[in-house]
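Below is one structure; the comments refer to it alone.
Note: hydrogens, waters and symmetry copies are ignored here, and every other heavy atom, side chains too, is used.
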Amino acid sequence: MNFDPVGTNKRGEHYMKFRTPFSVVEKIQLLQRWILVQSFAYYELNSNVASDFKYDANARQLERLVMDNPEDAKRSRYYDYFYDFFDEIEGTHMTSGFDLLERVKKKDDRLYRYIWMDAARALELKAKYGSNGMI
């Protein structure tokens, strides 16, 4: 599945283009899982799978989905980790995955291990194929 921000909206912002018709909850969960994997690679494995540009674009898309669909966001399987992912500071929304992994580790060790495996695999794929849009 390609998670590149391949499109732009009317405001010129990039967004992830889903190739399959996912529900809003599924889109939210996919973006949240993607962010968890990116965060693990960055904070735990000291490496980047995707560029900061891709991370920011996908985080902004997640933010719009969550703000437009708060009830769907609450039904996400990752809601307990992302409930305050977007902090409004002086009119801007800041996003960081720094504390997400600690929340996951405390609450669901099995999920933490799966995220670790996903991040390790993503880094393997990046090493094998480069950053040509695969991740």
*Least distance between heavy atoms, Leu101 atom then Ile115 atom*: CD2-CG2, 4.5 Å
*Side-chain heavy atoms under 4.5 angstrom apart, residues restricted to Ile, Leu, Val, Met, Phe, Trp, Tyr: same cluster for Leu65 and Val25?*
no
*Find out if a path of hydrophobic residues (ILVMFWY) with successive side-chain heavy-atom gaps under 4.5 Å connects Val24 to Tyr79.*
no
*Locate the shortest heavy-atom distance separating Leu123 from Ala41; write the atom from each residue and the value.*
CD1-CB, 4.2 Å
*Closest approach of Glu26 to Phe22 (non-hydrogen atoms, all atoms of both residues)*: OE1-CA, 3.4 Å
*asked:* Can you list everything that forms a ring pair (Phe, Tyr, Trp, His ring centres under 6.0 Å) with Tyr112? Sequence neighbours excluded, please.
replied: Phe40
*Phe98: which of Tyr43, Phe85, Tyr81 passes ring pair (Phe, Tyr, Trp, His ring centres under 6.0 Å)*: Tyr43
*Output every pair passing salt bridge (charged side-chain N to carboxylate O under 4.0 Å, His left out) with a member in residues 30-47, not counting sequence neighbours, ordered by first then second residue.*
Arg33-Asp118
*With distance as the sole test, does Gln38 use its side chain to make a donor-acceptor pair with the main-chain N or O of Tyr55 at under 3.5 Å?*
no
*Please list, chain by chain and in numerical order, all residues satisfying ring pair (Phe, Tyr, Trp, His ring centres under 6.0 Å) with Tyr78, sequence neighbours excluded.*
none
*Backbone N/O of Asn48 and side chain of Lys126: donor-acceptor pair under 3.5 Å*: yes
_Contacts of type salt bridge (charged side-chain N to carboxylate O under 4.0 Å, His left out), residue Asp99, not counting sequence neighbours_ = Arg103
*Ion pair check, Lys74 and Glu71, cut-off under 4.0 Å*: yes
*Side-chain heavy-atom pair Ile28, Phe82 within 4.5 angstrom cut-off*: no
*Search all heavy atoms of Ser39 against all heavy atoms of Leu100 and return the closest pair with its distance.*
OG-CD1, 4.4 Å
*Are the side chain of Asp108 and the backbone of Val104 linked by a donor-acceptor contact shorter than 3.5 Å?*
no
*Passing candidate, salt bridge (Lys or Arg N to Asp or Glu O under 4.0 Å) with Asp80, options Arg75, Lys106, Lys107*: Lys107
_Rounded to the nearest 0.5 Å, what separates atom CD in Gln29 from atom CG in Leu31?_
10.5 Å
*With sequence neighbours excluded, tell me which residues meet salt bridge (charged side-chain N to carboxylate O under 4.0 Å, His left out) with Asp109.*
Arg113
*Which heavy atom in Val49 sits nearest to a heavy atom in Ala122, and how many Å separate them?*
CG1-CB, 3.8 Å
_Derivation and outcome, salt bridge (charged side-chain N to carboxylate O under 4.0 Å, His left out), residues Lys105 and Glu102_ = CA-CA 5 Å; Lys105 192 174 187 178; Glu102 190 60 36; 5.7 Å; no
_Test ring pair (Phe, Tyr, Trp, His ring centres under 6.0 Å) applied to Tyr83 - qualifying residues, sequence neighbours left out_ = none
*salt bridge (charged side-chain N to carboxylate O under 4.0 Å, His left out) evaluation trace for Arg121 with Glu124*: CA-CA 5 Å; Arg121 182 66 178 143; Glu124 284 178 25; 3.0 Å; yes
*asked:* Rounded to the nearest 0.5 Å, what separates atom OG in Ser76 from atom CG in Asn69?
replied: 12.0 Å
